[in-house]
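Values reported hereafter were calculated over all heavy atoms of this structure, with side chains retained and with hydrogens, waters and symmetry mates removed. Owing to the predicted nature of the structure, the values given are computational and were not obtained by experimental measurement. In the text below, chain A, chain B and the rest are named by the order of the sequence lines, each starting its count at 1.
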Amino acid sequence: MTIASDLLAWYDANARALPWRAPPGSALADPYRVWLSEIMLQQTTVAAVKPYFAAFTRRWPDVLALAAADEAELMAAWAGLGYYARARNLVACARAVATEHGGRFPDTEEGLRKLPGIGAYTAAAIAAIAFGRRAVVVDANVERVTARLSALETPLPAGKPMLHAFADSITPDERSGDFAQAMMDLGSTICTVRRPACLACPIAGACKGRDEAERYPLKAPKPVRPERRGSIFWLECDGDVLLCRRPPKGLLGGMAALPTGPWLPKDPGLADAPIETDWLLAGTVRHVFTHFALEASIYRATLPHVTLANDGGQSWFWAPITRIEQSGLPTLFAKAAAIARSMQ
DNA sequence: GACACGTGGTG
DNA sequence: TCACCAAGTGT
């Protein structure tokens with residue numbers, strides 16, 4: 001038997017039931033749901049995605065509904081899931097599908113690959129899973145499984161092309177979507193990062209790395225994560241708090257946020273405070289991003305009735321404090337808001 | 001190729 | 001506690 005046939009047999013008996021998957025033995029899954037889930041699952045765990053997928057599909061049941069969505073509402077619905085460029089690209093992609101493709105997703109890798117937010121992995125996954133095309137689907141799970149199967153001694157990312165070629169060599173012509181999902185299920189339940197369960201693996205017989213699976217894949221060492229210091233401002237007025245909209249690109253781009261100062265190696269104090277007033281230090285919040293860690297002071301002040309004019313580049317607005325959880329703040333600011341409110 | 005880009009779970 | 005890492009993409 002081949003690796004593919006052994007793995008597919010295992011998958012037929014052990015596939016995880018996931019909300020975006022078609023029931024076993026049924027027709028192909030809905031391309032919209034496959035696309036939405038694949039975007040949400042980029043660098044994100046199944047457990048984290050599930051509630052967001054349920055909320056999005058209830059609120060926007062198809063790609064035309066999503067294309068018509070208010071962008072700020074969609075960003076707020078994405079708040080907490082991270083990598084917010086995905087949400088910006090999600091809208092752009094839905095609108096491209098609606099206006100340039102008649103509301104239907106392209107059914108080839110090449111066509112899918114042109115859409116915003118869809119890269120090599122996602123294009124292959126949608127083509128295979130939603131459209132039944134043969135495609136070589138390589139994500140971190142597949143890289144780990146194939147690195148172990150082939151006992152690849154070349155560290156990643158340099159070894160990626162070899163793993164893609166190996167994945168291509170074992171991908172079947174039929175059911176390549178199921179094969180891809182089987183590889184991912186195997187990677188998340190058996191061929192795990194730590195303590196892989198080789199004794200339970202349906203393809204251990206073909207695995208060159210099975211005696212030392214945890215060694216693979218070899219990876220280049222990661223650079224150290226720098227520390228930055230910052231300030232976050234909580235300005236109250238009449239039961240409202242001052243929020244702003246982050247610039248459209250960059251860190252937390254396009255998201256609602258509390259006003260901040262610059263984030264630098266040294267404590268910036270009250271630099272870039274939205275107004276000059278008697279700020280009180282309400283606490284600190286620590287948050288770790290992908291490429292730096294932030295420790296921010298939270299400054300608090302209350303205003304009498306005033307209006308705050310927008311000035312260059314800033315886009316401020318007031319939000320009711322009692323419904324701050326519905327403002328769509330990313331996690332850093334949700335944590336800061338909780339700390340600021342706890343000081344009242 | 002390298003870096004920017006979030007978050008929460010895990011051992 | 002903390003480093004690692006997850007169904008990657010864009011620049």
Side-chain angles (χ1 to χ4, degrees), chain A residues 16 18-21 29 33-53 75 78-90 92-93 112-126 128-130 135-145 155-161 164 167 177 179-189 191-196 214 217 219-228 246-255 257 263 286-294 328-335:
Chain A
R16 289 177 294 175
L18 297 171
W20 43 86
R21 280 186 179 168
R33 295 167 68 85
V34 173
W35 164 71
L36 180 61
S37 69
E38 289 298 344
I39 301 298
M40 288 183 165
L41 286 162
Q42 289 168 5
Q43 299 286 285
T44 309
T45 58
V46 166
V49 164
K50 277 182 175 174
Y52 285 86
F53 182 82
M75 298 303 286
W78 195 277
L81 198 54
Y83 281 143
Y84 298 99
R86 294 184 294 172
R88 303 194 295 271
N89 286 329
L90 196 75
C93 182
L112 289 160
R113 186 68 182 77
K114 294 189 174 88
L115 292 166
I118 298 184
Y121 160 77
T122 305
I126 297 173
I129 296 168
V136 182
V137 182
V138 183
D139 72 331
N141 284 303
V142 176
E143 284 181 351
R144 185 170 59 257
V145 172
L156 301 184
K160 282 174 182 258
H164 187 280
F179 177 77
Q181 293 178 95
M183 290 284 276
M184 293 188 264
D185 278 17
L186 187 77
S188 65
T189 61
C191 197
T192 49
V193 176
R194 289 173 288 261
R195 299 282 306 269
E214 205 162 354
K219 292 196 177 180
K222 298 240 161 68
V224 294
R225 191 183 345 249
E227 290 278 338
R228 291 191 199 170
R246 305 267 306 174
K249 294 190 175 181
L251 190 72
L252 309 177
M255 298 299 290
W263 295 344
R286 181 176 171 79
H287 192 74
V288 179
F289 293 100
T290 308
H291 53 296
F292 69 93
L294 176 71
L329 295 177
T331 300
L332 165 66
F333 297 111
K335 290 199 291 195

> Tell me: CG of A:L251 to C1' of B:dG6, nearest whole Å?
Replying inline: 8 Å

> Can you give the first and last nucleotides of DNA chain C, 5' to 3', that have an atom under 4.0 Å from a heavy atom of chain A?
Replying inline: C:dC5 to C:dG10

> Checking all strands, does A:I126 fall into the base, sugar-phosphate, or nothing category for heavy-atom contacts under 4.0 angstrom?
Replying inline: nothing

> In chain order, what residues pass the ring pair (Phe, Tyr, Trp, His ring centres under 6.0 Å) check against A:F53, with sequence neighbours excluded?
Replying inline: A:W20

> How long is the span from the OH atom in A:Y83 to the OG1 atom in A:T290, to the nearest 0.5 Å?
Replying inline: 3.5 Å

> Taking atom P in both C:dT11 and B:dG6, what distance in whole Å separates the two?
Replying inline: 14 Å

> What is the distance, rounded to the nearest whole Å, between atom CD of A:Q42 and atom C1' of B:dT7?
Replying inline: 15 Å

> How do A:N89 and A:T290 order along DNA chain C: which one's closest nucleotide is nearer the 5' end?
Replying inline: A:T290

> What is the nucleic acid contact for A:P157, judged by heavy atoms within less than 4.0 Å: base, sugar-phosphate only, or nothing?
Replying inline: nothing

>> In whole Å, I'd like the distance from the NZ atom of A:K222 to the P atom of B:dC3.
In response: 13 Å

>> Classify A:A48 by what it touches in the nucleic acid, base, sugar-phosphate, or nothing, heavy-atom distance under 4.0 Å.
In response: nothing

>> Using the salt bridge (Lys or Arg N to Asp or Glu O under 4.0 Å) criterion, which residues pair with A:K160? Sequence neighbours excluded.
In response: A:E143

> With sugar-phosphate meaning primed atoms plus P, OP1 and OP2, does A:T122 contact a base, only sugar-phosphate, or nothing at under 4.0 Å between heavy atoms?
Replying inline: sugar-phosphate

> Which is true for A:W78 with a 4.0 Å heavy-atom rule: it touches a base, it touches only sugar-phosphate, or it touches nothing?
Replying inline: nothing

>> Please compare A:F292 and A:A158 by the position of their nearest nucleotide in DNA chain B and report the one closer to 5'.
In response: A:A158

>> My understanding is that only residues two or more places apart in sequence, or in another chain, count here; which of them pass salt bridge (Lys or Arg N to Asp or Glu O under 4.0 Å) with A:D185?
In response: A:R16, A:R21

> Between A:L294 (CG) and B:dT7 (P), how many Å, whole number?
Replying inline: 11 Å

> Rounded to the Å, how far apart are A:Y83 OH and B:dA4 C1'?
Replying inline: 8 Å

>> List the residues meeting side chain to side chain contact (heavy atoms under 4.5 Å, CB included) with A:T192, not counting sequence neighbours, and say none if there are none.
In response: A:P196

> Looking at residues at least two apart in the chain, or sitting in another chain, which of them share a side-chain hydrogen bond (donor to acceptor under 3.5 Å, both in side chains) with A:R286?
Replying inline: A:E227

>> Just N and O in the side chain of A:H287: are any of them under 4.0 Å from OP1 or OP2 of B:dT7?
In response: yes

Provide a list of protein-nucleic acid N or O atom pairs under 3.5 angstrom, restricted to nucleotides 9-11 of chain B.
none

>> Holding to side-chain hydrogen bond (donor to acceptor under 3.5 Å, both in side chains), I want the full list of residues that pass it with A:R228, two or more places apart in sequence or in another chain.
In response: none

> Which part of the nucleic acid, if any, lies within reach of A:V49 when heavy atoms closer than 4.0 Å are counted: base, sugar-phosphate only, or nothing?
Replying inline: nothing

> Just checking, is any N or O donor in the side chain of A:N89 or A:R86 under 3.5 Å from an acceptor N or O on the other one?
Replying inline: no

>> Let me spell it out: for each of A:P223 and A:K335, pick the nucleotide of DNA chain B with the closest heavy atom. Which residue's pick is nearer the 5' end?
In response: A:P223

> With a non-hydrogen cut-off below 4.0 angstrom, is A:R16 in contact with a base, only sugar-phosphate, or nothing?
Replying inline: base

>> Using whole Å, what does the distance between atom P of nucleotide B:dG6 and atom CZ of A:R86 come to?
In response: 9 Å

>> Taking any heavy-atom pair under 4.0 Å as a contact, classify A:I118: base, sugar-phosphate, or nothing.
In response: sugar-phosphate

> What is the distance, rounded to the nearest whole Å, between atom OH of A:Y52 and atom P of B:dG6?
Replying inline: 13 Å

> Under 4.0 Å: is that the gap between some side-chain N or O of A:H291 and OP1 or OP2 of B:dC5?
Replying inline: yes

>> Distance check needed: B:dG6 C1' versus A:Q43 CD, whole Å only.
In response: 10 Å

> When the P atoms of B:dC3 and C:dA7 are considered, how many whole Å apart are they?
Replying inline: 24 Å

>> Under 4.0 Å, counting only non-hydrogen atoms across every strand here, what does A:G187 touch: a base, just sugar-phosphate, or nothing?
In response: nothing

List the atom pairs, donor and acceptor, that lie under 3.5 Å between side-chain atoms in residues 119-126 of chain A and the rest of the protein, sequence neighbours left out.
unit_1, atom_1, unit_2, atom_2, d
A:Y121, OH, A:E38, OE1, 2.7
A:T122, OG1, A:Q42, NE2, 3.0

> Between atom CG of A:L18 and atom CZ of A:R33, what is the distance when rounded to the nearest 0.5 Å?
Replying inline: 11.0 Å

> Can you find a donor-acceptor N/O pair under 3.5 angstrom joining the side chain of A:T331 to the base of B:dG8?
Replying inline: no

>> Taking the side chain as everything from C-beta on, heavy atoms only, tell me whether A:M184 gets closer than 4.5 Å to A:D139.
In response: yes

> Contact class for A:G80 (heavy atom, under 4.0 Å): base, sugar-phosphate, or nothing?
Replying inline: sugar-phosphate

